[in-house]
Amino acid sequence: MGQELVLKAYGKINLGLDVVRRLENGYHEVRMVMQSVELADTVTMRRLAEDEIVVKTDKSGLPCDERNLAYKAAKLMKERYSIQGGVEIFLEKRIPMAAGMAGGSADCAAVLKGMNELFGLELSLKKLQEEGVKLGADVPYCLLGGCALSEGIGEVLTALKKPPACTVLLAKPDIDVSTKHVYENLRLDELEHHPDIDGILQSIETEHLEGLCEKLENVLESVTGKEYPVIGEIEKLMKEAGALQAIMSGSGPTVFGIFKESEAAKEAMDMIRSKSLAKEVFVSGFQA
Ligand code: ATP
């Protein structure tokens with residue numbers, strides 16, 4: 001019924017990630033600089049006459065039932081806005097899973113936008129963000145995309161300039177990291193140093209790539225990086241291959257390196273693969 005809607009759900013990296021404090025409800029107050037990357041899932045949606053939500057995917061092992069964030073997004077919109085009829089959603093997964101790249105949140109955001117369009121709801125971005133935060137702290141950012149400062153639990157967003165163009169090498173080592181485990185094991189009181197988020201903002205404002213790269217830092221590396229030495233090994237390899245900087249994204253384990261030359265990034269990709277440090281490796285770039 002009706003035509004297909006094809007949406008891109010972009011992955012993200014954290015140019016900076018700081019945890020300010022732990023809240024009583026178990027959430028954490030954060031200060032993060034988020035940046036979309038070109039690497040994306042493709043979300044194809046179409047309306048169904050039957051009153052059902054059908055999710056399909058090309059990724060084995062990804063549940064397509066109520067556990068899937070795309071399903072949750074469709075269900076929330078159907079219930080909240082009394083939508084008659086159903087929807088079919090196909091997820092072409094390219095963003096590595098459980099990787100610190102918010103792949104699930106990106107799909108969730110795409111489906112919220114898709115439901116808005118397919119059913120003519122005409123909801124504003126702000127309204128979609130208010131619905132989205134109920135499904136995940138990164139969803140409001142994924143609805144916005146580009147470069148943004150994310151504060152509060154992730155729902156207080158300030159859009160930023162796009163940082164200078166560069167090549168981004170993404171490598172996800174073959175380990176699964178639970179975001180919950182990483183936050184629970186973060187020892188905030190023992191940290192001697194916090195990432196310079198204000199410095200990162202300033203470098204973005206002045207379009208200074210080298211200055212920006214000097215300041216890239218993720219406080220969660222103190223947990224995931226300690227547990228999995230392969231993260232440090234990939235960072236070392238990327239830097240030796242010419243990256244201006246290489247750090248972990250989100251709760252990990254994906255490592256990203258910032259390169260000026262795409263050739264150097266491709267060489268680093270081949271080395272990471274040949275040393276079996278990671279199977280999922282992608283040459284990408286910043287997405288506006
Ligand atoms: P974040 O950076 O927000 O912590 P992540 O990259 O660590 O995200 P995701 O890939 O978003 O993690 O998903 C983590 C878990 O969520 C997966 O193990 C998966 O079972 C579940 N999940 C639910 N829906 C999706 C989806 N559409 N895509 C990927 N994972 C999903």
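First listed ligand is number 1; within each ligand, the first listed atom is number 1. Count residues from 1 along the sequence. What's counted below: heavy atoms across the whole structure, side chains too, no hydrogens, waters or symmetry copies.
Checked by distance only, ligand 1 and Ala70 stay at 3.5 Å or farther apart across all their nitrogen or oxygen atoms.
If you run side-chain contact (heavy atoms from CB on, under 4.5 Å) between Leu39 and each of Lys12, Arg94, Glu280, only Arg94 comes through.
The ligand atoms of ligand 1 that sit less than 4.0 angstrom from a heavy atom of Leu91 are 27 (N). Near Asp138, meaning under 4.0 Å from one of its heavy atoms, ligand 1 places the atoms 3 (O).
Contact annotation for Asn68 and ligand 1: heavy atoms of both the backbone and the side chain come within less than 4.0 Å of the ligand. For Asp107, every heavy-atom contact with ligand 1 shorter than 4.0 Å involves the side chain, none the backbone. The residue Asp41 has no part lying near ligand 1, judged by heavy-atom distances below 4.0 Å. With a 4.0 Å cut-off on non-hydrogen atoms, Met97 touches ligand 1 through its backbone as well as its side chain.
For atom 7 (O) of ligand 1, the closest non-hydrogen atom of the protein is Gly100 N, 3.1 Å. Nearest non-hydrogen protein atom to atom 4 (O) of ligand 1 is Thr179 OG1, 2.9 Å. Among all non-hydrogen protein atoms, the one lying nearest atom 21 (C) of ligand 1 is Leu62 CD1, 4.8 Å. Protein heavy atom nearest atom 18 (O) of ligand 1, with residue, atom name and distance: Ala98 CB, 4.3 Å.
Counting non-hydrogen atoms of neighbouring residues, nucleotides and ligands closer than 6.0 angstrom, the CD atom of Glu50 exceeds 12 such neighbours. Around CD of Glu52, the count of heavy atoms belonging to other residues, nucleotides or ligands within 6.0 Å exceeds 12. The number of heavy atoms from other shown groups lying within 6.0 Å of NZ (Lys239) is above 12. Within 6.0 Å of atom NZ in Lys260, 12 or fewer heavy atoms from other residues, nucleotides or ligands are found, so the atom counts as exposed in its surroundings.
Distance check for atom 23 (C) of ligand 1: a protein heavy atom is found below 4.0 Å. Not a single protein heavy atom sits closer than 4.0 Å to atom 16 (O) of ligand 1.
Assignment of Gly104 to the shell around ligand 1 is supported, since a heavy atom sits closer than 4.0 Å.
Salt-bridge formation is detected for the pair Lys161/Glu207: a Lys NZ or Arg NE/NH1/NH2 atom is positioned less than 4.0 Å from an Asp or Glu carboxylate oxygen. Residues Lys113 and Glu117 are not paired through a salt bridge, judged by the lack of any N-O separation under 4.0 Å between the basic side chain and the carboxylate.
Closest heavy-atom approach to atom 2 (O) of ligand 1 within the set Pro253, Ala102, Ser251: this belongs to Ala102. Across Lys72, Lys93, Lys59, heavy-atom proximity to atom 29 (C) of ligand 1 is greatest for Lys93.
Here the side chain of Asn116 pairs no donor or acceptor atom with the backbone of Leu112 at under 3.5 angstrom.
When all heavy atoms of Val255 and Glu235 are compared, the pair lying nearest together is CG1-CG, 3.6 Å.
No side-chain donor-acceptor contact under 3.5 Å links Tyr228 and Glu233.
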